[in-house]
Structure formats: structure tokens, C-alpha cells
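Structure first, then comments.
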Amino acid sequence: MDTVALVPAAGRGTRLGAGVPKALVRVLGQSLLSRAVRGLLDSGSVGHVVVAAAPDQLDLMGREVRDLGDRAHVVPGGGERTDSVRAALRAADRLVPSAGIVLVHDAARAFTPARVIRDVVGAVERGARAVVPTLPVADTIKRVDDDGVVAETVDRSPLRAVQTPQGFTVDVLREAYSAAGDVATDDAGLVERLGYPVETVEGHTHALKVTTSFDLAVAEAVLATAPAELPESRLDTPGSPDDTGSDNSRKVR
Ligand code: C5P
């Protein structure tokens with residue numbers, strides 16, 4: 001069964017300063033977007049990737065994936081993340097009509113190991129309608145009241161932190177998005193609302209969502225110390241390991 005991955009990256013990046021979308025932030029010379037798309041394609045389980053970009057950033061984002069040829073597509077996203085996923089899904093129907101499995105992936109999880117991507121796709125191939133990679137929660141979790149006073153210590157044993165890519169049969173994601181409102185941040189959550197089971201596979205610490213400059217420092221350290229854990233493309237990176245990255249590499253927030 002063919003698999004297509006959607007990467008919504010049409011956010012304005014207003015939190016980044018200087019209008020730089022997080023997907024374009026570089027780590028050791030290569031953007032998060034380029035790394036994320038390469039990682040998906042190099043996993044061996046994904047045939048095509050559709051990136052949703054802000055309409056005025058189509059060229060900018062297109063340049064990041066141009067060398068990947070006709071397996072990477074960049075299409076205009078919409079006003080909200082939900083609109084961008086919908087637009088990418090519509091484009092995928094047109095560009096990859098044979099696809100039976102669809103993944104939705106964060107560009108910010110640019111270091112997701114191929115094993116995680118393959119496990120998500122494999123679970124859908126074996127019959128799951130929806131699959132998310134998860135990790136156990138390491139921190140103690142407490143519920144607090146309106147005054148910030150602890151009301152309860154939550155049993156964390158059944159809790160999981162959710163990563164991406166999230167995987168679906170194309171039919172189920174289409175159904176979920178036709179029932180979705182305007183602001184959905186969790187694609188699997190939409191599927192849960194339809195009453196379908198959402199299965200889990202084991203995530204990976206390297207699939208962290210790069211959100212802060214600390215995360216960037218962690219990503220750089222991971223790249224420097226554990227290349228075997230990372231997508232093959234890390235070895236194709238134009239910047240050398242000595243490359244300290246561009247000026248915008250500290251602006252992520
Ligand atoms: O801004 P926020 O953190 O909610 O964005 C989450 C993800 O959704 C980001 O990758 C962002 O680029 C993407 N997004 C999008 N289209 C929008 C808004 C956000 O693809 N209109």
C-alpha cells in the first residue's frame with residue numbers, strides 16, 4: 001500500500017522573531033523541514049511527502065526540498081493548521097491517488113528515527129486505522145487548582161506523551177477532517193472523536209519536538225554523537241559537523 005506523509009508547515013512563525021518559520025530554522029546547516037522530509041522518504045516506508053506552506057513561502061520551502069525530486073511536493077496551506085492539513089490531504093488525493101496510508105508529521109520533529117516511521121506505517125498496514133508513537137511520561141504529574149495549589153498527584157503509569165508521525169488509513173483521516181471544526185491540533189484526537197481506536201507504537205527520544213533553543217542544542221548534540229540513530233540523509237547534509245548553523249538557529253521558541 002502506498003504511503004503519503006503530510007507536513008503542515010504553513011504557520012507564520014510569529015513567535016520566532018524576524019518572521020522565520022520554525023521549519024526553516026537550520027541545524028548544522030540543514031533546515032528542520034529538509035531533515036524531516038528526507039527522514040520520511042529515507043525511512044523506506046513513505047513514497048511521497050506533501051508540505052503545506054504559507055502561500056507567500058512556497059518558493060522558500062520548495063527550495064528546501066527541491067533536491068528530493070518529484071517525491072516531495074509543496075502546496076499552499078490555509079489560515080489554521082486544520083486548513084493546512086485539509087489542503088495537503090486534498091493535494092495528496094490528486095498527486096498520489098494510489099495512497100492508502102497517510103501520515104501527519106511535524107517538521108519540528110526532524111530527527112525522528114526511521115524505525116519509528118516504519119513502525120507507524122507497519123501498524124496501519126497490519127490493520128490499525130490510526131496509530132501514534134508514544135513515550136512513557138518521565139516527570140511526576142500533579143493536577144493543581146486555580147490558585148496553583150496541588151490538588152492531586154496523578155498516577156502516571158497509564159499516561160503517554162504523543163509524538164509524530166501519526167498514521168491513518170486515508171479514509172479515516174478524510175472522515176476525521178470532514179467532521180473537524182476549525183482548530184484541531186491533534187489529528188489522532190479527531191479520530192478518537194469518531195469512536196475509532198487509536199493504537200500506539202513505541203516512540204523515541206530523538207523524535208523530540210524542537211521548540212526551544214535548548215531543544216536545538218540537544219538536537220545538535222544528538223547529530224554529533226549518534227548519527228547511526230538518525231536518517232541516512234544526515235550523512236548528505238551540506239553543512240559539515242563543524243558548521244555551527246545559521247544565525248536564526250537560536251530563535252526557535
Ligand atoms: O502555530 P502552531 O504551533 O499551532 O503550529 C503548529 C504546526 O502547524 C506548525 O508546524 C505550523 O507550521 C503548522 N501550521 C500550518 N498552517 C497554519 C498554522 C500552523 O501548517 N495556518
Side-chain angles (χ1 to χ4, degrees), residues 5-9 11 13 15-17 20-43 45-46 49 51 64-65 81 85 103-121 123 131-141 156 159-167 185-189 198-237 239 241 243-246 248-253:
L6 316 180
V7 179
R15 283 174 295 173
L16 304 179
V20 181
K22 187 161 65 178
L24 295 179
V25 167
R26 294 184 182 278
V27 179
L28 302 186
Q30 191 181 350
S31 69
L32 293 175
L33 180 68
S34 168
R35 288 179 181 279
V37 175
R38 270 170 201 281
L40 288 161
L41 294 175
D42 287 353
S43 73
S45 293
V46 175
V49 178
V51 176
E64 296 299 317
V65 298
R81 181 186 180 280
V85 175
L103 308 184
V104 186
H105 192 40
D106 290 335
R109 296 189 191 273
F111 307 98
T112 303
R115 194 274 300 156
V116 175
I117 298 165
R118 286 197 291 262
D119 284 358
V120 169
V121 173
V131 183
V132 295
T134 67
L135 283 180
V137 175
D139 292 323
T140 296
I141 305 288
R156 70 182 178 203
L159 299 182
R160 297 291 180 272
V162 175
Q163 303 180 324
T164 72
Q166 301 191 352
T185 53
D186 178 39
D187 307 296
V198 175
E199 297 189 13
T200 63
V201 297
E202 198 180 343
H204 195 289
T205 49
H206 290 181
L208 83 164
K209 186 173 186 175
V210 174
T211 309
T212 64
S213 53
F214 175 78
D215 300 332
L216 267 181
V218 170
E220 285 174 7
V222 165
L223 278 173
T225 59
E229 283 284 345
L230 292 164
E232 291 291 314
S233 55
R234 181 257 175 277
L235 304 172
D236 301 328
T237 303
D243 184 346
T244 52
S246 70
N248 65 17
S249 67
R250 294 292 158 191
K251 291 180 185 163
V252 179
R253 190 156 78 71

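For clarity, every value in this text was computed on a predicted model and none was experimentally measured.
Looking at every heavy atom in both residues, Pro133 comes nearest to Val120 through CG-CG2, 4.0 Å. Between Gly11 and Pro21, the shortest heavy-atom distance links the atoms O-CB, 4.2 Å. For Ala108 against Leu32, the heavy-atom pair with the smallest separation is CA-CD1, 4.5 Å. Nearest heavy atoms, Thr112 versus Ala207: OG1-CB, 3.5 Å. Looking at every heavy atom in both residues, Ile117 comes nearest to Gly39 through CD1-O, 3.6 Å. Closest approach of Val116 to Gly203, counting heavy atoms only: CG2-C, 4.1 Å.
For Arg115, the salt bridge (Lys or Arg N to Asp or Glu O under 4.0 Å) partners are Asp119, not counting sequence neighbours. By the side chain to side chain contact (heavy atoms under 4.5 Å, CB included) test, Ser45 pairs with Ser43, Arg118, Val121, sequence neighbours left out. Annotation: side chain to side chain contact (heavy atoms under 4.5 Å, CB included) contacts of Asp186 (sequence neighbours excluded): Gln166, Ala188, Glu192. Residues meeting the side chain to side chain donor-acceptor pair (under 3.5 Å) test with Thr164, sequence neighbours left out: His105. Applying the side chain to side chain contact (heavy atoms under 4.5 Å, CB included) rule to Leu135 yields the partners Gln163, Thr205; only residues at least two apart in sequence or on another chain are considered.
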- Are Leu208 and Val218 close enough, and set up right, to give a side chain to side chain contact (heavy atoms under 4.5 Å, CB included), and what steps lead you there? CA-CA 9 Å; Leu208 83 164; Val218 170; 4.1 Å; yes
- Query: Between Leu40 and Val7, does a side chain to side chain contact (heavy atoms under 4.5 Å, CB included) hold up when you go through it step by step?
  - Reply: CA-CA 10 Å; Leu40 288 161; Val7 179; 3.9 Å; yes
- Query: Do Lys22 and Thr211 pass the side chain to side chain contact (heavy atoms under 4.5 Å, CB included) test, and can you show the C-alpha distance, the side-chain angles, and the key distance before you say yes or no?
  - Reply: CA-CA 8 Å; Lys22 187 161 65 178; Thr211 309; 4.1 Å; yes
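Using a 4.0 Å cut-off between a side-chain N of Lys or Arg and a carboxylate O of Asp or Glu, Asp215 and Arg109 do not qualify as a salt bridge.
Looking at Val65 and Val49, their side chains never come closer than 4.5 Å, going by heavy atoms from C-beta outward.
For the side chain to side chain donor-acceptor pair (under 3.5 Å) criterion with Glu64, the lone passing option out of Arg38, Gln30, Arg35, Arg26 is Arg26.
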